[in-house]
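As structure tokens, the structure follows; a few thoughts come after it.
Per chain, numbering begins at 1; letters A, B, ... match sequence-line order.
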Amino acid sequence: MTRILPQSFYARSALGVAPDLLGCRVVREMDGQHLSGRIVEVEAYLGAEDAASHAYRGPTSRSQVMFGPAGYAYVYLIYGIHHCLNVVTGEEGQGGAVLIRALEPVFGAEIMQKGRGQEDVRNLSNGPGKLCQALGIDKTLNAHDLTAGTELWLETGNRPPESIYTSPRIGVRGDEAALSAPWRFYLQGNAHISPTPFNQNGSLWK
DNA sequence: GTCAAGATTAGT
DNA sequence: CTAATCTTGACG
């Protein structure tokens with residue numbers, strides 16, 4: 001029984017995929033070693049109806065992978081400095097994805113820390129840019145097939161998620177609907193979620 | 001071609 | 001609060 005999440009897992013609305021990703025693992029295979037983390041925070045982005053989404057204005061050279069088949073990685077560079085990892089969801093042509101925002105290190109925390117001084121494990125992957133740095137994820141993995149089981153993939157976790165909370169998404173621009181939509185999902189109280197005031201006023205989702 | 005803005009983070 | 005740093009995408 002394989003634990004790798006199949007294409008069918010991704011082939012539905014980002015709003016359905018996002019909460020289901022909590023508790024799952026991201027696995028990175030590098031230099032013959034495996035690094036992995038448990039997903040503790042995500043955000044859903046839709047297509048034409050979501051002003052905060054890169055897919056809002058239709059496909060562009062950057063966002064085209066979002067319009068492709070589900071189960072592929074969408075990796076982009078933000079602020080010229082940080083990479084962000086998303087998984088493409090939904091039907092081809094719709095343009096949906098889920099941003100992986102924070103991980104709880106499972107394997108290879110020592111390697112993730114390499115070259116970053118003596119950093120507390122809890123601050124290693126508690127943000128979208130930091131988790132990509134920790135796992136060595138950059139644009140070379142854009143459009144990578146996450147169901148193939150090579151280099152980078154997602155698999156089911158061992159432990160069920162704690163209480164799932166929702167809040168508005170962090171750092172987004174757009175219209176009022178996009179700013180207020182409660183499409184950030186996170187494990188309330190987990191030590192590895194990203195630091196934000198929203199953590200104080202989220203609401204129980206399930 | 002030009003240019004402002006960005007799904008962030010670390011440091012003052 | 002602001003700098004860092006560079007790609008993208010909108011516009012002309």
Is [X] salt-bridged to [Y], going by a charged N under 4.0 Å from an acidic O?
| X | Y | answer |
| --- | --- | --- |
| R25(A) | E104(A) | no |
| E43(A) | R169(A) | no |
| R28(A) | E155(A) | no |

Under 4.0 Å, heavy atoms only, any strand: does R62(A) hit a base, just the sugar-phosphate, or nothing? sugar-phosphate

Check every strand shown and say whether S194(A) touches a base, only sugar-phosphate, or nothing at a heavy-atom separation below 4.0 Å. nothing

To the nearest 0.5 Å, what is the distance between OH on Y76(A) and SG on C132(A)? 9.0 Å

Distance col, row K139(A):NZ vs L77(A):CG, nearest 0.5 angstrom, shows 6.0 Å

Distance, rounded to the nearest Å, where [X] contributes [atom1] and [N] contributes [atom2]:
| X | N | atom1 | atom2 | answer |
| --- | --- | --- | --- | --- |
| K139(A) | dT8(C) | NZ | C1' | 9 Å |
| I193(A) | dA7(B) | CD1 | P | 21 Å |
| H83(A) | dT9(B) | NE2 | P | 13 Å |
| Y76(A) | dA5(B) | OH | C1' | 13 Å |
| R57(A) | dG9(C) | CZ | C1' | 9 Å |
| D120(A) | dA10(B) | CG | C1' | 16 Å |
| R169(A) | dG6(B) | CZ | P | 14 Å |

Which one, [options], comes nearest to the side chain of [X]?
| X | options | value |
| --- | --- | --- |
| I78(A) | dT9(B), dG9(C), dA7(B) | dA7(B) |
| Y79(A) | dT8(B), dA10(C), dT7(C) | dT8(B) |
| L77(A) | dT8(B), dA7(B), dC6(C) | dC6(C) |
| L99(A) | dT9(B), dA7(B), dT7(C) | dA7(B) |
| I81(A) | dA7(B), dT5(C), dT7(C) | dT5(C) |

When the P atoms of dA5(B) and dT2(C) are considered, how many whole Å apart are they?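 My reading of the P atoms in dA5(B) and dT2(C) gives 16 Å.
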
Could you work out the separation of dT5(C) and dT2(B) based on their P atoms and round it to a whole Å?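 Each nucleotide's P atom is 24 Å from the other's.
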
Let's go through Y186(A) and V40(A) carefully: what are the C-alpha distance in whole Å and the side-chain angles of both, what is the deciding distance for side-chain contact (heavy atoms from CB on, under 4.5 Å) to 0.1 Å, and is it a yes or a no? CA-CA 6 Å; Y186(A) 62 101; V40(A) 298; over 6 Å; no

Looking at E91(A), I'd like to know if its CD atom is crowded, meaning that more than 12 non-hydrogen atoms belonging to other residues, nucleotides or ligands lie closer than 6.0 Å. no

Is atom CZ of F198(A) surrounded by more than 12 heavy atoms (other residues, nucleotides or ligands) closer than 6.0 Å? yes

Fit a plane to each ring of H54(A) and Y74(A), take the angle between them on a 0 to 90° scale, and name the class: parallel (under 30°), tilted (30 to 60°) or perpendicular (over 60°). perpendicular

Below the 4.0 Å mark, does [N] have OP1 or OP2 next to a side-chain nitrogen or oxygen of [X]?
| X | N | result |
| --- | --- | --- |
| T60(A) | dG9(C) | yes |
| R101(A) | dT8(B) | yes |
| R173(A) | dG6(B) | yes |
| S53(A) | dA7(B) | no |

Intra- and interstrand pairs of DNA chain C - dot-bracket, Watson-Crick/G-U under 3.5 Å, | marks other strand: ||||.||||||.

Specify the residues of residues 123-131 of chain A, ordered by number, for which at least one heavy atom lies under 4.0 angstrom from an atom of DNA chain B. G127(A), P128(A), G129(A), K130(A)

Might you work through the side-chain contact (heavy atoms from CB on, under 4.5 Å) test for Y72(A) and D145(A), ending with a clear yes or no? CA-CA 5 Å; Y72(A) 282 76; D145(A) 182 357; 3.7 Å; yes

Whichever of S63(A) and H82(A) has its nearest DNA chain C nucleotide further upstream toward 5': H82(A)

In sequence, state the C-alpha distance, the side-chain angles, and the governing distance for L35(A) and V27(A), and then conclude on side-chain contact (heavy atoms from CB on, under 4.5 Å). CA-CA 6 Å; L35(A) 305 179; V27(A) 184; over 6 Å; no

